[in-house]
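Notes for the one structure printed next.
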Amino acid sequence: MSEVREKESRLKVDGAVSLIELHETVEYILPDEHYDHPVAVIECIEGIPCNPCETACPVGAIVVGDDITTLPVIDPTICTGCGLCVAACPGLAIYLKQQHHSDGLSYIAFPYEYLPLPEKGQAVTMVDRRGQHVCSGTVVRVIKTKRFDRTAIVHATYDSAFYEDVVNMVRL
Amino acid sequence: MAKGLDVVIVGGGIIGLAGGYFLSRKKKRVLVIDKGGFADGASGACDDMILFQSKKPGINLELTFESLELYKRLIVDFDDEMQFKNLGGMVLIENDAELAIMEQFVAEQRSYGLDVEVIGQQDARKKQPFLSDHIIASTYSMMDSQIDPFHVMRALEKHGLKLGMGIQRRNGVVAIERLGNGNWSVVCEDGSTHEAPVVVNAAGAWAPSIAQMVGATVPIVPKRGQIVLSERIPPIGETNLWNAKYLVTKLHKGTEVQMTDEERELGLSLAFTRSAGNTYLMGSTREYVGYDKGTTIAGIRGIIDMTLSYLPKMKDVGIVRAMAGLRPETPDGKMILGEHKNLDGFYTAAGHEGDGIALAPVTAKLLSDLICGNPIDRDLGELSPNRFGGMAHE
Amino acid sequence: MNRITDHPILGPLEEAEMVDIIVDGQVMQARKGEMIAAALMANGKNTFRKTVKREEPRGIYCGIGRCTDCVMTVNGIPNVRTCVTEVEEGMVIQTQIGSGEWQ
Amino acid sequence: MSDENENRDMLICRCEEVTLGEILDAIDEGFVTVKDVKRATRAGMGLCQGRSCSRTIARIISERTGKSLEEVLPKSYRYPVRPEKMGAALSREGEDESNN
Amino acid sequence: MKRLKRDIVVIGSGPAGLCAAIEAARSGAAVLLVDENAKIGGQLFKQIHKFFGSADHRAGVRGIDIGEQLLRQAEELAVEVWLNCEACGIFDEKTVWMVRDKEHSVAVEAQRIIIATGAVENSINFPGWTLPGVMGAGAAQTMINIHRVLPGHRVLMVGSGNVGVIVSYQLLQAGATVAAIVEAAPNLGGYGVHTAKVRRAGVPFYTSHTVKEARGNGHVERAVLVKLDSQWNQVPGSEFEVEVDTICIATGLTPAVELAFGSGCRPFNSPPLGGLVPVHDRMMKSSIDSIYIAGDVSGVEEASTAMEEGRIAGLSAAHSLGTITDQMFAERLEQLQHNVDALRSGMFGQKRREAKDAIVRSYGVER
């Protein structure tokens, strides 16, 4: 990525966190790490006073610590991919992701707080952190439980060539 | 050699600014000093009347005539918006006892040249359709006029500045000393000193403390007047309004009038005037509470109660602000204007009570004539600071 | 209509009793208990008054009763802050021209 | 506020419709606090009593004169906090209630 | 004149006032909570997003739901509540003059008054800013989340602080399109997680830009944006138009200090917290012994902080009346202050923490 593009896409200028910024943070799971199930990817790079992700995790995979402005650190080897942190994060900054899910497809579960909700099997357009259309995707399931408190979690698969870019879908 | 100051005026209210402007017109080098901001004192918390009807025949009424003429000239000279209006005024009469006293009073005023009359209930309602039913009659004069204090003060300041007048705000005077050369030296909070042969004490309710700096006594007491300001509304009637109740007690001490305890305690009387910006100013209380400029629940509600008792229609009108001014009151109800005995060059121009706006131009004109030594075709003895006896500097 | 009938967090808009208000002579439907300003905006009316000096249109600005820009003449009373005044059945609401008029 | 001259016609006080130009003129005449400007121009004297514009006026004065915002902002306020209908201020229902 | 009497009157039932009332009532004081609105909760019921913080601060719970929980607590503790009640003034440091239901007025004499009047939105001015369609972001938020009415369909947001980005997100949730968010500063103000939410929804940010003009015939039809140079001057020729029917202003908040300053509370200038605020100590007591303050009026922060400050004010006011023991007071105060400190820790809290310290220091020095 050229220097200019990097500048343009800084979080505090563009609004979206850039891949360069993400790669520099310890809690981010790099694409070359492979897991056999989707694991939580945390895109929270500012020390805001907040720790619901740590509280929500049933297996202790996420650590914030006593100082709640510390950035959360996830241990993907412990993460079971249950998705509770995805719905708990007030900043909607956590996804479940798996690069090699099946047949050249990546897997994502992301929080979605718009209406209407997509349906299982529906073809949707996946977007990157800047809202750019990246590729098509297929909704695998939509989970909306009382515990998630009106934050729906949409699970989808998409072309793994765009594994890192995709974070959400175009609103319906 | 640079010319020094001729006059330092302490107090930048309407009296100080008018004095500064008139003296500047006479080529005097004037500096006006005020401890507060623009119109921070009584001149910024008062009605805007050039009111004739409340005045007994005598010097106050005569000076008001002169002041009105001077205002009319200023309006021409300045060519500025000063919101001069001539809505006329009515003093509302509630019972036969008040009617009798007001009829006599109006007759005296008429003989003095004031165009005023007593009108009946029906005529009163023609001018004020929303008057309460209990009003049996009213006085009416077309002469009562008004002018916006803020516009006047801004214009006086602007034109004064053009003539070389100086103004210092937010700079209190801490001492006034006599120098060996006979000049006065005025020492300010910011450490500056200003030397001039003449000092004018135009500090309104604060005039006593300024006089004290040179060992003089000025028998002015602050009288708090709370007023309430309405939102901007269409005119509710033709004229401005006062009530006879209070006037009657002043005219005939001991007259029995129906007053609630509250009215008596607060010294309430009605003044209902349509001001610049088409809001209504409603007042007022008359309280002796020292230099406390605060408003009180009793005062605000007292004014609202009273206003609604005369104009029930106002109940749907909003009030946006309550405020209080300290009216500088003298023992005999006349202003203090003149040079202090044994204090050459120290003048006081203060004590206008509720008539500072009305009397500012004539005060300023007389003050400048006094200071410049011009002939004055009127005996100012009854306004002299020395009239109270035994109070001059030893 | 600009009503938000369904919402991902707040859910579907609850049924409400509707009242008729008369706005500049026209009957409009409002939800009982809602603020006049909300009812007008729901019905697509955004200009609430014309100013005194420049006769310019004004609408909602602060929405919480502080700026007083949304004042209208309501049931004959001028200067009513519509963003903090509830609608009532049969309420007569008029675009306020300048300071309004006595009625 | 960089194009002050271009925007002299722009309103600052919504209620009393006082323009930027009128406010700048007053500042240049020596009215250098929010209260001074208010009394000189009526900006902030309307129905909202300066609740939307006094901070803006403070900023304009500050930019024009170099004074700090603290120096130019009012430190006291007059009641009532909101416009209140006179009829509402009148009745005293409930005031006889004993302390409970 | 006869007057009602109460131990503690809390003015404003937003997050700070509501928590102050609850804490004071829990500490044994008789509390009257008044609010100008028809519903208790203030801004909480516009906050449909989940709050930050820890479990102590009810993190992860939506503001509206925290509001409901607090409401129930206030009910259980028998807090007396007067709604549709405007506090018009405080006289003699103890008497609150109020207008109820817009139709009658009451004076209540309180031993302690807690002022929790919140904050008001700042304006920015550009030609056309008085056109219908230009409004505060808070006004738009009230419209969509309280009144369930869309103020417009294509919105320009001015200001990228948390209010600007959160309201933008909520406008999207309500079904509007946000055409852009402009920010005069070279960097965005809000939390990255908030900006990221709207950015991935396709909303562009324009830093170093401002609104030059709003245009339209009787209503906003488009906004002219212009680039700002490093000196914040408009760059000639850089103008471009955005078609919108609504322009929302989210350029910060100013503490609503009229009641506090009208009652004589001493001011302190704290630019990082929104300007002049009533000076106060760690117990949230103002320069007047009978008056306490809490929430945005004591310096603009977030609802979570306002709630903790409110609890401290309620606790301190009750303690000053002797309704709890010194030991209970000390223990609870320590806990609450720990909670506040946590919210003011880290890079985002540093400025606010330092600003609050300066206020408290000034209280000690000049008292």
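In what follows, every heavy atom counts, from backbone to side chain, and hydrogens, waters and symmetry copies are set aside. By convention in this document, chain letters (A, B, ...) are assigned in the order of the sequence lines, proteins followed by strands, and residues within each chain are numbered from 1.
- For Arg78(D), no part lies near chain E; criterion is any non-hydrogen pair under 4.5 Å.
- Between the CZ atom in Arg14(D) and the CH2 atom in Trp129(E) there is a gap of 5.0 Å [rounded to 0.5 Å].
- Taking 4.0 Å as the cut-off between side-chain N and carboxylate O, Arg51(D) and Glu258(E) count as a salt-bridged pair.
- Considering only heavy-atom pairs separated by less than 4.5 Å from chain D, the leading option among Thr254(E), Thr210(E), Leu276(E), Ile124(E) is Thr254(E).
- Interface remark: Ala260(E) contributes no atoms to any contact with chain D (heavy atom separation under 4.5 Å).
- In this structure the side chain of Ile90(E) reaches within 4.5 angstrom of the side chain of Tyr79(D), judged on heavy atoms.
- In terms of heavy atoms, Ser52(D) sits closest to Ser123(E) at O-OG, 3.6 Å.
- Heavy-atom distances place both the backbone and the side chain of Pro127(E) under 4.5 Å from chain D.
- Annotation for Asn125(E) and Leu11(D): closest pair ND2-O, 4.3 Å, computed over non-hydrogen atoms.
- For chain E, the nearby part of Glu84(D) is the side chain; its heavy atoms alone come within less than 4.5 Å.
- One distance of note links OG of Ser270(E) with CD of Glu70(D); it measures 10.0 Å at 0.5 Å rounding.
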Criterion side-chain contact (heavy atoms from CB on, under 4.5 Å) on Val81(D) and Glu86(E), from CA distance to verdict: CA-CA 8 Å; Val81(D) 167; Glu86(E) 295 192 331; over 6 Å; no

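- Annotation: Lys75(D), atom NZ; neighbour count of heavy atoms from other residues, nucleotides and ligands within 6.0 Å is above 12.
- Residue Asn7(D) holds its CG atom at 8.0 Å from CD of Glu213(E), rounded to the nearest 0.5 Å.
- Only the side chain of Asn122(E) has a heavy atom closer than 4.5 Å to any heavy atom of chain D.
- No donor-acceptor pair under 3.5 Å is formed between the side chain of Trp97(E) and the backbone N or O of Pro80(D).
- Taking the six-membered ring where the residue is Trp, Phe261(E) and Tyr77(D) present parallel rings, their angle staying beneath 30° rather than reaching 60°.
- Proximity to chain D is limited to the side chain of Glu36(E), based on heavy atoms less than 4.5 angstrom apart.
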